[in-house]
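Let me begin by presenting the structure, written as structure tokens, before commenting on it.
Just follow the structure's listing: the first ligand is 1, and inside any ligand the first atom is 1.
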Amino acid sequence: MKDEVVYRNPVPEDAEEIVAFYNRVGGETTYLSFVENEYPLNVEEQKANIISTDQQPNSVMILAIVEDQIIGLGTITSGSKIKARHCGELGIVVTEKFQGKGIGSELIRRMIEWCKSNGITTKIQLDTRKDNTMAVELYKKFGFQIEGELKNTTLIDGKYYDLYVMGLML
Ligand SMILES: CC(C)(COP(=O)(O)OP(=O)(O)OC[C@H]1O[C@@H](n2cnc3c(N)ncnc32)[C@H](O)[C@@H]1OP(=O)(O)O)[C@@H](O)C(=O)NCCC(=O)NCCS
């Protein structure tokens with residue numbers, strides 16, 4: 001049977017599971033900016049983040065849930081400064097077991113639609129490791145273009161990795 005995926009915005013009560021999710025997936029992949037148990041927010045900070053994101057007209061978090069468990073998560077984070085508030089930074093992760101099933105695509109589709117309708121966001125940007133082929137192809141599928149490269153930005157076990165800076169004009 002196909003897993004039924006529910007997509008919804010978080011409520012403060014989700015904070016504990018969101019922090020646990022991030023800390024777990026940090027250990028599943030080297031493509032995130034943090035390693036296992038290195039997610040920078042604790043539960044109280046995540047609760048505050050959920051409330052403040054909900055109050056910002058140009059930031060959003062969308063959870064992907066299967067059988068009451070968070071299995072994926074997408075974020076658009078934007079500032080409030082007049083000159084930069086039109087740019088949203090996209091973040092996304094789907095837990096290993098559920099990758100390749102279209103969940104990342106659906107999260108991105110929903111985030112793009114949300115940005116188009118918020119009346120502020122006109123550009124979505126992100127950076128991703130150059131060797132993260134799946135993510136790069138996924139972003140290109142939605143029209144993101146490579147705008148530049150950042151050299152030696154990530155260091156893992158003594159090896160440096162470059163990042164692509166990618167952007168989508170809405
Ligand atoms: C990147 C990530 C979010 C994608 O989520 P997902 O649910 O697995 O993605 P989907 O199944 O919706 O999309 C797969 C898309 O990736 C691309 N893709 C999949 N497998 C691929 C492969 N072997 N080679 C190249 N591209 C591939 C395709 O564009 C594909 O779309 P299509 O099926 O319509 O052709 C997920 O793999 C992930 O969380 N990875 C680890 C964390 C991460 O890298 N986050 C992004 C940091 S910038």
Side-chain angles (χ1 to χ4, degrees), residues 1-10 14 17-41 46 49-50 53 58-79 87-116 121 123-157 159-170:
M1 198 177 98
K2 209 169 178 305
D3 298 305
E4 194 190 329
V5 187
V6 173
Y7 296 90
R8 67 165 171 82
N9 302 115
D14 293 312
E17 202 191 332
I18 291 171
V19 171
F21 174 78
Y22 271 129
N23 277 319
R24 196 170 59 248
V25 292
E28 285 181 358
T29 171
T30 64
Y31 291 128
L32 293 174
S33 60
F34 50 87
V35 300
E36 187 169 19
N37 296 327
E38 200 190 26
Y39 178 63
L41 302 189
Q46 184 58 253
N49 178 51
I50 290 167
T53 301
N58 54 352
S59 295
V60 74
M61 182 186 283
I62 302 176
L63 305 177
I65 295 170
V66 171
E67 291 177 349
D68 289 334
Q69 306 275 317
I70 296 171
I71 53 96
L73 197 157
T75 53
I76 297 284
T77 309
S78 310
C87 291
E89 182 82 20
L90 184 145
I92 188 165
V93 56
V94 174
T95 193
E96 239 169 7
K97 186 179 160 210
F98 286 90
Q99 287 175 10
K101 296 171 186 280
I103 294 166
S105 299
E106 181 61 16
L107 283 169
I108 292 187
R109 191 191 67 74
R110 284 172 184 254
M111 289 192 283
I112 291 173
E113 285 311 305
W114 184 86
C115 285
K116 280 184 176 168
T121 310
K123 178 178 185 182
I124 302 176
Q125 56 196 23
L126 58 91
D127 49 46
T128 185
R129 272 214 344 246
K130 271 176 75 171
D131 61 329
N132 192 355
T133 315
M134 189 157 168
V136 172
E137 291 308 312
L138 174 63
Y139 299 138
K140 281 185 179 168
K141 186 174 87 173
F142 283 93
F144 281 81
Q145 294 189 342
I146 295 167
E147 297 184 342
E149 291 184 30
L150 299 172
K151 301 284 184 196
N152 284 17
T153 320
T154 299
L155 176 59
I156 304 171
D157 296 335
K159 182 173 171 3
Y160 289 103
Y161 294 84
D162 301 341
L163 298 183
Y164 279 141
V165 179
M166 299 183 76
L168 174 70
M169 310 305 163
L170 300 180

Worksheet item: Are any side-chain N or O atoms of N58 and backbone N or O atoms of T121, one a donor and one an acceptor, separated by less than 3.5 Å?
Response: no

Worksheet item: How close do T30 and R129 get, heavy atom to heavy atom, and via which atoms?
Response: O-NH1, 2.8 Å

Response to the item:
min-distance protein heavy atom vs atom 18 (N) of ligand 1 -> M134 CG, 3.7 Å

Discussion item. Give me the residue, atom name and distance of the protein heavy atom closest to atom 13 (O) of ligand 1.
Written reply: S105 OG, 3.4 Å

Worksheet item: Does any N or O in the side chain of N9 come within less than 3.5 Å of the main-chain N or O of M61, such that one atom is a donor and the other an acceptor?
Response: yes

Fill in: E28 versus E96, closest heavy-atom pair with distance
OE1-N, 2.9 Å

Would you give me the side-chain donor-acceptor pairs under 3.5 Å for residues 101-108, sequence neighbours excluded?
residue: S105; atom: OG; partner: K141; partner atom: NZ; Å: 2.8
residue: E106; atom: OE1; partner: R109; partner atom: NE; Å: 3.1
residue: E106; atom: OE2; partner: R109; partner atom: NH2; Å: 2.8
residue: E106; atom: OE2; partner: R110; partner atom: NE; Å: 2.8
residue: E106; atom: OE2; partner: R110; partner atom: NH2; Å: 3.4

Worksheet, complete the sentence: Nearest non-hydrogen protein atom to atom 38 (C) of ligand 1, with distance, is Q99 NE2, 3.4 Å

Fill in: Identity and separation of the nearest protein heavy atom to atom 8 (O) of ligand 1
G100 N, 2.7 Å

Worksheet item: Mind checking whether L107 has a heavy atom under 4.0 Å from ligand 1?
Response: no

Discussion item. Main chain of N152, side chain of D162: is a donor-acceptor contact present, judged purely on distance under 3.5 Å?
Written reply: yes

Worksheet item: Considering only heavy atoms of G102, which atoms of ligand 1 have at least one such atom less than 4.0 Å away?
Response: 10 (P), 11 (O), 12 (O)

Practice prompt. Show which atoms of ligand 1 fall inside a sub-4.0 Å distance from at least one heavy-atom site of K101.
Written response: 11 (O)

Item to complete: For atom 22 (C) of ligand 1, state whether the nearest protein heavy atom is under 4.0 Å away.
Response: no

Worksheet, complete the sentence: Residue, atom and distance of the protein heavy atom nearest atom 31 (O) of ligand 1 read K141 NZ, 3.0 Å

Worksheet item: Closest non-hydrogen protein atom to atom 5 (O) of ligand 1, residue and atom name please, with distance?
Response: G104 CA, 3.6 Å

Practice prompt. Please confirm whether N132 comes within less than 3.5 Å of ligand 1 when only nitrogen or oxygen atoms on both sides are compared.
Written response: yes

Discussion item. If I apply the N/O under 3.5 Å rule, does V93 come out as touching ligand 1?
Written reply: no

Item to complete: List for me each residue that meets salt bridge (charged side-chain N to carboxylate O under 4.0 Å, His left out) alongside D14, sequence neighbours excluded, and say none if there are none.
Response: R8

Discussion item. Quick one: does any side-chain atom of T128 pair with a main-chain N or O of Y164 as donor and acceptor, under 3.5 Å?
Written reply: no

Fill in: Gap separating the CZ atom of R24 from the CD1 atom of I70, nearest 0.5 angstrom
8.5 Å

Item to complete: Quick one: look up the protein heavy atom nearest atom 24 (N) of ligand 1 and list residue, atom name and how far away it is.
Response: T133 CG2, 4.3 Å

Item to complete: Heavy-atom contacts with D127 under 4.0 Å: which atoms of ligand 1 show up? List them by number with element.
Response: 48 (S)

Item to complete: Identify the two heavy atoms, one from S78 and one from S59, that lie closest to each other, and give their separation to 0.1 Å.
Response: N-OG, 2.9 Å

Item to complete: Report the nearest protein non-hydrogen atom to atom 39 (O) of ligand 1: residue, atom name, distance rounded to 0.1 Å.
Response: V94 N, 2.7 Å

Item to complete: Determine whether the side chain, the backbone, both or neither of Y139 has a heavy atom under 4.0 Å from any heavy atom of ligand 1.
Response: side chain

Worksheet item: So, the side chain of Q46 versus the backbone of I18: is there a donor-acceptor pair under 3.5 Å, distance only?
Response: no

Worksheet item: So is F98 polar-close to ligand 1, meaning N/O to N/O under 3.5 Å?
Response: no

Worksheet entry | Numbered atoms and elements of ligand 1 in range of I92, under 4.0 angstrom, heavy atoms | 3 (C), 45 (N), 46 (C)

